[in-house]
Visitor: 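A single structure is presented below for examination.
Order of the sequence lines fixes the chain letters, A, B, ..., with proteins taken first and strands second; residue numbering starts at 1 for each chain. Owing to the predicted nature of the structure, the values given are computational and were not obtained by experimental measurement.
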Protein chains: 2
Amino acid sequence: MNGSEAMVKTLLAGAVDICFANPGTSEMHFVSALDRAPGMRCVLGLFEGVVSGAADGYYRMAEKPAATLLHLGPGLGNALANIHNAKRANSGMVNIVGQHALDHIHNNAPLNSDVEAVARPMSHWVKTTMSASQAPLDTAEAVSQARSTPGRIATLVLPANCAWEPSDPGHYSTAPAQTTAAPLTESVLAIARLLSDRKTAEATTLLLGGVALRAKSALLAGKIAAHTGCKLASEPRNPRLERGRGRVNIMPLPFAVDGAVAMLKDSKHLVLVGSASPVAFFAYPNKPRMIQQPDCQVHTLATLTHDIHATLQALVDALGANNTVPAQLSTGPIITDLPSGAPTVEHIGTVITALMPENGIMVEESVTTGRQFSKLTHQAAPYDCIEITGGAIGWGMSAAVGAAVACPDRKVVALIGDGSAMYTVQGLWSMAREQLDVTVVIFANRSYKILRGELANMGGPEAGENAKRMLDLDRPYLDWVSIARGHGVPGQQVTTMEDFANALRVANKEKGPRLIELVM
Amino acid sequence: MNGSEAMVKTLLAGAVDICFANPGTSEMHFVSALDRAPGMRCVLGLFEGVVSGAADGYYRMAEKPAATLLHLGPGLGNALANIHNAKRANSGMVNIVGQHALDHIHNNAPLNSDVEAVARPMSHWVKTTMSASQAPLDTAEAVSQARSTPGRIATLVLPANCAWEPSDPGHYSTAPAQTTAAPLTESVLAIARLLSDRKTAEATTLLLGGVALRAKSALLAGKIAAHTGCKLASEPRNPRLERGRGRVNIMPLPFAVDGAVAMLKDSKHLVLVGSASPVAFFAYPNKPRMIQQPDCQVHTLATLTHDIHATLQALVDALGANNTVPAQLSTGPIITDLPSGAPTVEHIGTVITALMPENGIMVEESVTTGRQFSKLTHQAAPYDCIEITGGAIGWGMSAAVGAAVACPDRKVVALIGDGSAMYTVQGLWSMAREQLDVTVVIFANRSYKILRGELANMGGPEAGENAKRMLDLDRPYLDWVSIARGHGVPGQQVTTMEDFANALRVANKEKGPRLIELVM
């Protein structure tokens with residue numbers, strides 16, 4: 001048994017049985033080891049951003065880490081943006097990154113670079129395996145790190161000789177390095193006291209993150225809100241939300257700083273439940289950096305390292321709210337009257353709300369177009385929503401790959417802006433290769449529309465020729481149907497709300513990947 | 001005047017008048033400053049690897065650095081692979097990377113990361129501007145670094161407030177931080193003595209790199225070879241070669257270690273002229289790491305910091321070889337009889353040799369298919385060849401963009417393997433947007449064929465199902481004509497040598513981008 005085989009055995013022992021891969025020469029022994037491991041499913045991406053984004057989407061839906069296989073420093077570089085998004089989603093991930101043989105690194109061959117240095121900014125844990133016999137131990141530690149709660153990015157650099165030299169399978173623990181801590185009783189009681197005064201409660205917002213946004217935990221939050229009069233909100237973008245009819249609707253803070261500040265304007269107390277103190281996505285010359293008012297008191301009820309559901313249950317118990325009917329239950333009527341004519345942002349939201357398949361998975365990277373969707377989409381049939389958390393656009397196409405691999409029996413609907421979709425457009429091919437059940441909706445506004453708005457936000461003059469050349473995706477327009485066909489995915493362009501609805505209906509009825517380009 | 005405007009003024013003062021860009025919100029003030037600088041040409045890439053690869057291709061042909069504009073750590077991450085290739089080509093480049101405002105970094109907003117740490121592995125020089133008033137000075141230093149010989153990767157991190165706060169234009173020197181040094185007389189005389197013995201000279205190889213591979217320097221190398229009997233070779237992949245009829249043909253060391261070792265087997269002396277001691281591209285269990293024999297003596301005649309042309313001229317002078325007819329002049333007949341039928345590697349090389357446009361620019365990332373091309377293509381009409389130097393595939397599509405921007409009057413012919421082309425496929429759109437005169441030839445062997453060979457090189461068993469799933473680009477095949485159309489580039493698929501030749505002829509006659517998919 002060589003080092004690679006010992007590693008693959010260790011991965012499988014730690015329940016890491018999916019490998020999203022874009023290998024090169026230095027990884028050939030690892031590829032060969034994967035080849036002889038029938039329990040391991042290998043999914044090829046034709047660009048490394050697809051690989052890391054898929055691992056993120058997979059973790060969010062499977063609730064366990066996948067492995068990635070990447071080729072030296074530059075391959076890892078290509079994966080960094082989506083590793084960043086995964087890190088910001090607290091997704092666990094085991095990156096296996098090839099490196100030159102240990103006795104060849106100092107020869108500085110063309111592909112040589114400091115792989116650990118490339119890994120470090122976006123990883124929680126980085127290590128280079130120094131011998132084949134150490135490979136299974138290092139792999140076990142990487143798996144333990146990735147399986148922690150919250151998840152961690154573990155990057156293991158694998159010199160080629162450690163992959164090919166003899167090793168021993170080893171039998172090292174792959175148990176999570178960190179599991180959730182019990183609720184903090186003191187904090188629970190303090191927040192219960194805070195909320196026991198109606199007026200104080202009405203000036204309090206519970207900011208929910210992490211698993212607090214799953215249906216069963218959100219239901220507890222809804223009881224707390226109903227019982228005390230406090231408000232509920234989530235961070236603007238979240239790793240995973242369970243939304244839809246019959247569930248407690250927790251509205252996100254708006255992405256734009258002004259709207260977010262307005263939402264927390266009257267909050268004198270902000271209670272963090274698996275979330276962080278909210279900050280502006282970007283700084284602007286004359287806008288605040290922090291979202292809450294300067295005199296707002298911030299309390300931490302639970303961090304992501306705590307058992308958030310148990311914490312919320314403890315708070316419900318302390319308040320005596322177990323039998324309270326939850327606030328903000330989405331009970332809106334089923335939409336049957338669909339809009340027609342030219343697309344508007346509101347009409348698009350209505351159609352998506354009406355046609356989101358029950359138990360589907362929404363992948364949310366619609367950027368400008370989708371800013372107001374959440375006001376409508378909580379009325380859809382119950383579904384999961386995973387969102388771009390780190391702001392590094394180019395995530396949705398690849399996250400959809402991972403989510404669909406994790407949940408083969410659920411329809412994935414990926415809502416993606418045209419600008420964003422281009423960064424990991426190669427994800428389409430992986431959808432075709434794996435025949436993943438994904439409907440990709442491209443919102444073709446043919447510009448980095450968010451930046452048009454941001455240019456105005458900065459208070460500068462109207463965009464001139466050079467600015468337009470950098471902000472508009474025109475001359476020529478992208479032809480998404482051809483791009484999809486080129487990658488093996490059937491596509492359709494629509495320009496009216498009727499055609500959009502029809503295209504979604506067809507997609508919902510059939511399995512497999514397809515793309516709908518909605519021209520705005 | 002704000003910091004951005006002072007920076008753009010400084011860039012222009014340093015003759016940096018092209019900005020390959022993929023900006024985001026934090027760069028909006030810089031975009032606005034570019035907008036008001038009519039002397040600056042802004043070229044949008046829809047993915048950051050296109051941006052950095054284009055800056056590399058531009059430097060190689062324009063012989064001066066371009067700027068790139070990138071969005072925080074993740075945007076820089078996406079650019080790293082081609083920055084790596086540029087670094088390995090000794091290309092100069094000024095990367096302007098946005099960062100959060102200085103008073104917002106510690107708030108750890110979603111897009112926050114350690115940008116300097118991301119930059120460092122692939123940069124020679126990294127700095128974060130700490131105030132708007134310092135922005136022009138830092139920019140001047142970045143330009144000075146990038147304009148050095150050899151070129152350097154200068155990465156300037158620009159916090160948003162330093163871009164928007166008031167500054168002064170400044171008038172700082174942008175002169176190169178390092179210029180070439182005069183020839184080392186002692187070394188020249190020592191090599192002249194070495195080569196004065198015929199038998200020793202015949203066991204000596206001059207390994208040429210950098211500008212030694214330009215026609216006028218290669219001509220001197222040819223005189224030295226003819227006069228002394230020494231051999232000439234280049235590194236396997238080079239930043240830029242001037243090749244073709246009437247020029248001295250310097251054969252590269254083969255990419256594969258066995259072939260490279262065979263080429264230097266009888267060399268007792270290796271003389272480095274702007275090159276590095278050759279090493280295996282990858283290490284293999286039972287193959288050597290170094291290319292020359294253990295008893296081969298390595299001499300340095302000139303490094304990349306020396307005036308290489310003057311050094312070769314001094315050696316010619318010392319040898320009295322000024323009137324010698326150069327060795328290895330490419331004088332082969334013009335090919336008129338073109339092959340027909342199914343494509344073979346040799347036939348493809350013949351067609352490309354026959355139809356390479358005079359004074360054209362060949363972008364070489366043909367990987368497996370093109371391994372033997374150089375045995376034929378030196379017989380083509382005179383042309384420049386730029387090659388992938390760092391082994392991070394995904395370079396050609398973007399380097400072609402940069403080369404075409406640098407040389408609008410020259411036809412660019414980009415030879416790219418299908419696997420490689422996918423990593424920066426978005427470059428096609430930039431070709432369409434800028435109406436660049438590029439013919440992209442995709443060698444569609446529908447696999448990472450190089451890896452099929454490398455798997456065998458590793459001595460492993462035949463590829464099984466998992467390995468095939470990671471090495472073959474099939475199920476489905478990529479449809480390159482559709483992909484090209486989707487990006488606004490007309491394309492054509494060909495399967496015979498006649499059709500390939502006809503497609504190249506049509507492309508040569510017309511201006512603008514087009515793609516030819518040659519199915520192997």
Side-chain angles (χ1 to χ4, degrees), chain A residues 21 23 25-26 28-29 31-32 34-35 42 44 46-47 73-74 77-78 80-81 84 88 100-101 104 107 109-111 113-114 117-118 120-121 160 164 279 281-283 285 289 389-392 422-423 426 432-433 454-455 458 460 464 466-467 469-470 475-476 478-479 482-483 485-486 488, chain B residues 21 23 25-26 28-29 31-32 34-35 42 44 46-47 73-74 77-78 80-81 84 88 100-101 104 107 109-111 113-114 117-118 120-121 160 164 279 281-283 285 289 389-392 422-423 426 432-433 454-455 458 460 464 466-467 469-470 475-476 478-479 482-483 485-486 488:
Chain A
T25 298
S26 39
M28 281 302 105
H29 283 90
V31 164
S32 187
L34 292 169
D35 203 18
C42 299
L44 177 63
L46 300 186
F47 167 68
N78 278 336
L80 281 187
H84 169 86
R88 291 284 171 164
H100 287 300
H104 196 49
N107 292 331
L111 260 167
S113 68
D114 185 344
V118 176
R120 218 165 276 121
W164 78 53
V279 301
F281 207 93
F282 290 106
R289 308 284 186 261
T389 47
M422 281 304 291
Y423 292 77
Q426 307 90 343
R433 158 67 80 88
E454 294 292 55
L455 193 64
M458 293 297 173
N466 259 344
R469 285 172 60 81
M470 285 184 282
R475 297 173 289 172
L478 292 161
D479 164 2
S482 292
I483 290 176
R485 183 187 307 120
Chain B
T25 297
S26 40
M28 281 303 103
H29 283 92
V31 164
S32 186
L34 292 169
D35 204 16
C42 298
L44 177 62
L46 299 186
F47 167 68
N78 278 336
L80 280 187
H84 169 87
R88 290 285 170 164
H100 286 301
H104 197 48
N107 292 332
L111 260 166
S113 68
D114 184 344
V118 177
R120 217 163 278 124
W164 78 53
V279 301
F281 206 93
F282 290 106
R289 307 285 186 259
T389 47
M422 281 305 291
Y423 292 78
Q426 307 90 341
R433 159 65 82 84
E454 295 293 55
L455 193 66
M458 293 297 172
N466 260 343
R469 284 172 61 80
M470 286 185 281
R475 301 174 285 172
L478 293 160
D479 163 4
S482 291
I483 289 176
R485 183 185 308 119

Visitor: Who wins among L34(B), V118(B), N466(B) for the most heavy-atom pairs under 4.5 Å with chain A?
Guide: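 Heavy-atom pairs under 4.5 Å are most numerous for N466(B).
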Visitor: Considering non-hydrogen atoms only, spot the tightest contact between A283(B) and W164(A) and give its length.
Guide: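 So the two residues come closest at O-CZ3, 3.7 Å.
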Visitor: Under 4.5 Å heavy-atom distance to chain B, tell me which part of R485(A) shows up: side chain, backbone, both or neither.
Guide: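 For R485(A), backbone and side chain are both near chain B.
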Visitor: With under 30° as parallel and over 60° as perpendicular, where do the rings of F282(B) and H100(A) fit, or are they tilted in between?
Guide: tilted
Visitor: Quick one: do L46(A) and L478(B) satisfy side-chain contact (heavy atoms from CB on, under 4.5 Å)? Show the steps, please.
Guide: CA-CA 11 Å; L46(A) 300 186; L478(B) 293 160; 4.1 Å; yes
Visitor: If I measure from the heavy atoms of chain A, does R289(B) come under 4.5 Å with its side chain, its backbone, both, or neither?
Guide: both
Visitor: Heavy-atom pairs under 4.5 Å with chain A: which of P121(B), A21(B), A432(B) has the most?
Guide: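 Looking at each of P121(B), A21(B), A432(B) in turn, P121(B) comes out on top.
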Visitor: Only pairs of heavy atoms separated by less than 4.5 Å count here; which of A467(A), A160(A), A392(A) has the most with chain B?
Guide: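 Heavy-atom pair counts peak at A467(A).
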Visitor: Minimum heavy-atom separation for Y423(B) to F47(B), with atom names?
Guide: O-CE2, 3.9 Å
Visitor: To the nearest 0.5 Å, what is the distance between CG (D479(A)) and OG (S482(B))?
Guide: 8.5 Å
Visitor: Please rank A109(A), G391(A), P476(A) by heavy-atom pairs under 4.5 Å with chain B and give me the top one.
Guide: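 That would be P476(A).
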Visitor: Hey, which of G464(A), G488(A), P23(A) has the most heavy atom pairs under 4.5 Å with chain B?
Guide: G464(A)
Visitor: Given the options L111(A), L44(A), N107(A), L80(A), which has more heavy-atom pairs under 4.5 Å with chain B than any of the others?
Guide: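 Max contact count across the listed options: L111(A).
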Visitor: Would you mind checking which part of I483(B) comes under 4.5 Å of any heavy atom in chain A, side chain (CB onward), backbone (N, CA, C, O), both or neither?
Guide: both
Visitor: Heavy-atom pairs under 4.5 Å with chain B - which of G390(A), S113(A), G73(A), A117(A) has more of them than the others?
Guide: G390(A)
Visitor: At a heavy-atom separation under 4.5 Å, does T389(A) approach chain B through its side chain, its backbone, both, or neither?
Guide: backbone
Visitor: Heavy-atom pairs under 4.5 Å with chain B are the metric here; pick the option from R475(A), M422(A), M470(A) that has the most.
Guide: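 Most heavy-atom pairs within the cutoff with chain B belong to M470(A).
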Visitor: Find the one option among P74(B), P285(B), S26(B) whose heavy-atom pairs under 4.5 Å with chain A are most numerous.
Guide: P285(B)
